[in-house]
Amino acid sequence: MASAEFGQPVFDLNAMNREMLPDNNIDAELMIKHHAVPLFQRGNRLFVAISDPMNLGALDEFKFATGINTDAVMVEDHALSKLISELAERSGGFDADMGSLGADGEYDLEIGDGIVEEDDDIRDAADETPIVRFVNKVLLDAVKQGASDVHFEPYEKDYRVRFRTDGILHEVVKPPRNLAPRLAARLKVMSQMDISERRIPQDGRIQMKLSKKRAIDFRVNTLPTMYGEKIVLRILDPASAQMGIDALGYEEGQKTLFLEALQKPQGMILVTGPTGSGKTVSLYTGLGILNEPERNISTAEDPVEINMAGINQVLVNPKVGLNFAEALRSFLRQDPDVIMVGEIRDLETAEIGIKAAQTGHLVLSTVHTNSAAETVTRLLNMGVPAFNIAASVTLIIAQRLARRLCSQCAELETTVPEEALLEIGFTPEQLARAAIKRPVGCPQCKDGYKGRVGIYEVVKITKPIASAIMDGANSLELDRVAREAGFNDLRQSALRKCAEGLISLEEVSRVTTD
């Protein structure tokens, strides 16, 4: 054994009382850096647990930090990793169990055609076992907690990792600041980025296999900041596109309008909203309904967020001249039935998409605007003629995502007077049968919320709305015509879900405006 060969005693960490550890000598950063823990002090000597008998640098570091002579105690590596995680979490220095992942190969992180193994000799800094385990653990925790984004953020004096869960960012761990370069290196290696390039933003992709049948994709972007590279991972779960339209939160009338538009042989369906409002899931839900053997479906995306069998997905690459417009031109030469464009950003893309919608194709796309009426105005501002919009666009969906109240702990809201509710926008008829609830919080949820639900404005381009577009109506006038036609705006849809007890009054105010 190594302990006998090096003349060092062996100690069973599992039998040790954690409360007896010398707290004043425990430094989370030193423990993680040197994979060592001070166990106890006898007289003027501090005994430090190590799993590598050659790790003499750890003894010197703890001696320098404490001013006490140190001796080594050999322990099992797995037990030491577990103890470091527990102690660092207690001190607030490191919140992830660095010893629980990476050693048994339970989860593989796939990149493109290969799998990154932990012993790949790509770059020492990126392949240190504690760093590998920590990154794996963070990504797995993000998936388990239902996060949509993971943010790795370096600052002048500290470093933090945040998850966006149910649309809200919250801090989950603060690793030592000096780990920033190694964390960035590991994430860039996994994403197949240039590990030596730290001056410009980069994009990449990671795939995590949770089982033989389920994999989670991470879209990765790096951004150089004053104190290092901020790295954000967008979590893309293909299962989210298979939930079905009933799970998205459409009202019955809105769902009917969407399904009717999908069954039309031609026309354009536009989904609009800010980043993170669920536009991609709405589009892929529609594509899933249309995805049948008799249809030829092609998509142009930047990036391809969800892989779907049976659909021809194209990743646009402006560097080689393959932009949305060029992809659309190619699609039209391949006899398509359904075309999906990730986003209409310019006049060229808009014109080709509208021409396709007018010549026997069903076109789905997104536009970054806040409402259905503003979508029309945006297309007009791009330079699309009003008659083309009125003749080709069949349906516009504006959407937001609101946090859903926890069904286990939500309580009826009794503190808000009726006058205030009427001022918010409720009608007396709604209040007569409303079940408005407020968040409480329980072990089953986070701050009284669990999951999200869509808030939608679904507007069919009827003859009155088409006439208003042709007459050059602005967004306010178009909005008025849509309300007169009976289409709810986002605020009204949110109030309905609040009256049903699905979301809180706070969420109504957060995701919509008067």
Side-chain angles (χ1 to χ4, degrees), residues 146 148 164-168 240 243-259 271-274 276-282 285-286 370-373 395-442 444-460 479 482-483 485-514:
S148 60
R164 186 181 295 278
T165 308
D166 295 336
I168 305 297
S240 63
M243 295 188 300
I245 193 169
D246 292 325
L248 298 185
Y250 285 96
E251 299 170 18
E252 280 303 316
Q254 295 174 335
K255 182 176 74 171
T256 300
L257 290 172
F258 190 18
L259 293 175
V271 182
T272 181
S277 61
K279 299 188 299 296
T280 299
V281 172
S282 289
T285 298
N370 292 320
S371 68
L395 193 76
I396 302 177
I397 301 172
Q399 65 180 76
R400 302 289 188 277
L401 288 177
R403 290 181 293 173
R404 187 191 294 267
L405 283 166
C406 174
S407 60
Q408 303 295 318
C409 64
E411 294 181 350
L412 287 174
E413 178 62 78
T414 58
T415 60
V416 181
E418 184 174 336
E419 295 77 13
L421 294 174
L422 291 170
E423 187 176 340
I424 290 172
F426 286 102
T427 64
E429 293 77 15
Q430 282 180 316
L431 293 180
R433 57 181 185 275
I436 300 172
K437 296 181 179 180
R438 62 182 180 87
V440 177
C442 70
Q444 305 300 320
C445 65
K446 185 173 182 62
D447 301 326
Y449 297 97
K450 187 174 183 180
R452 289 193 284 181
V453 63
I455 308 296
Y456 301 95
E457 175 191 12
V458 181
V459 176
K460 178 182 178 180
D479 190 72
R483 300 296 82 77
F487 301 119
N488 291 331
D489 61 12
L490 288 167
R491 182 73 168 191
Q492 291 169 333
S493 296
L495 290 172
R496 285 194 177 192
K497 285 189 168 55
C498 182
E500 294 171 6
L502 294 177
I503 66 175
S504 65
L505 290 169
E506 290 83 355
E507 282 298 282
V508 172
S509 299
R510 187 179 72 86
V511 301
T512 66
T513 57
D514 292 326

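Throughout, numbering of the chain's residues begins at 1 and tracks the sequence. Keep in mind that this is a model prediction, so the values were computed, not measured.
Side chain of E457 to main chain of A398: no donor-acceptor pair is present (N/O by atom type, distance under 3.5 Å, no hydrogens or angles). Counting only distance, with no hydrogens or angles, the side chain of E413 and the backbone of T415 share a donor-acceptor pair below 3.5 Å. Checked by atom type and distance alone, the side chain of K497 never pairs as donor or acceptor with a backbone atom of V453 at under 3.5 Å. Here the side chain of Q430 pairs no donor or acceptor atom with the backbone of A499 at under 3.5 angstrom. Remark: side-chain polar atoms of K437 are not paired, donor with acceptor, to backbone N or O of E500 under 3.5 angstrom. In this structure, R496 contributes its side chain and Q492 its backbone to no donor-acceptor pair below 3.5 Å.
Smallest separation of non-hydrogen atoms from L401 and S277: CG-O, 3.4 Å. The nearest pair of heavy atoms linking L431 to E418 is CD1-CG, 3.6 Å. Scanning both residues, R400 and V511, for their nearest heavy atoms gives CG-O, 3.5 Å. Summarising the geometry of G249 relative to Y456, their closest heavy-atom pair is C-CE1, 3.7 Å, with the distance given to 0.1 Å. For A402 against I455, the heavy-atom pair with the smallest separation is CB-CG1, 4.0 Å. When all heavy atoms of L490 and N370 are compared, the closest pair comes out as CD1-O, 3.6 Å.
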*Quick one: do L505 and R438 satisfy side chain to side chain contact (heavy atoms under 4.5 Å, CB included)? Show the steps, please.*
CA-CA 7 Å; L505 290 169; R438 62 182 180 87; over 6 Å; no
*Would you sort out whether R403 and R510 count as a side chain to side chain contact (heavy atoms under 4.5 Å, CB included), showing the intermediate values?*
CA-CA 10 Å; R403 290 181 293 173; R510 187 179 72 86; 4.2 Å; yes
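Distance check, rounded to the nearest 0.5 Å: OG of S493 to CD of E251 gives 4.5 Å. Considering NZ of K450 and CG of L405, their distance stands at 13.0 Å, rounded to 0.5 Å. To the nearest 0.5 Å, the span separating CD on Q254 from CD1 on I397 amounts to 8.5 Å. Rounded to the nearest 0.5 Å, atoms OG1 (T512) and CG (L495) are 6.5 Å apart. Taken from CD1 in I436 to OG1 in T414, the straight-line distance is 11.0 Å, to the nearest 0.5 Å. For the atom pair OG1 (T272) and CD1 (I396), the distance works out to 8.5 Å, reported to the nearest 0.5 Å.
The pair D166-R404 does not count as a salt bridge, with every side-chain nitrogen at least 4.0 angstrom from each carboxylate oxygen.
Partners of R164 according to the salt bridge (Lys or Arg N to Asp or Glu O under 4.0 Å) rule, which considers only residues two or more places apart in sequence or in another chain, are D149.
Using bins of under 30°, 30° to 60° and over 60° for the plane-to-plane angle, the ring pair Y250/F258 lands in the tilted bin.
Other residues, nucleotides and ligands place no more than 12 heavy atoms under 6.0 Å from the NZ atom of K460.
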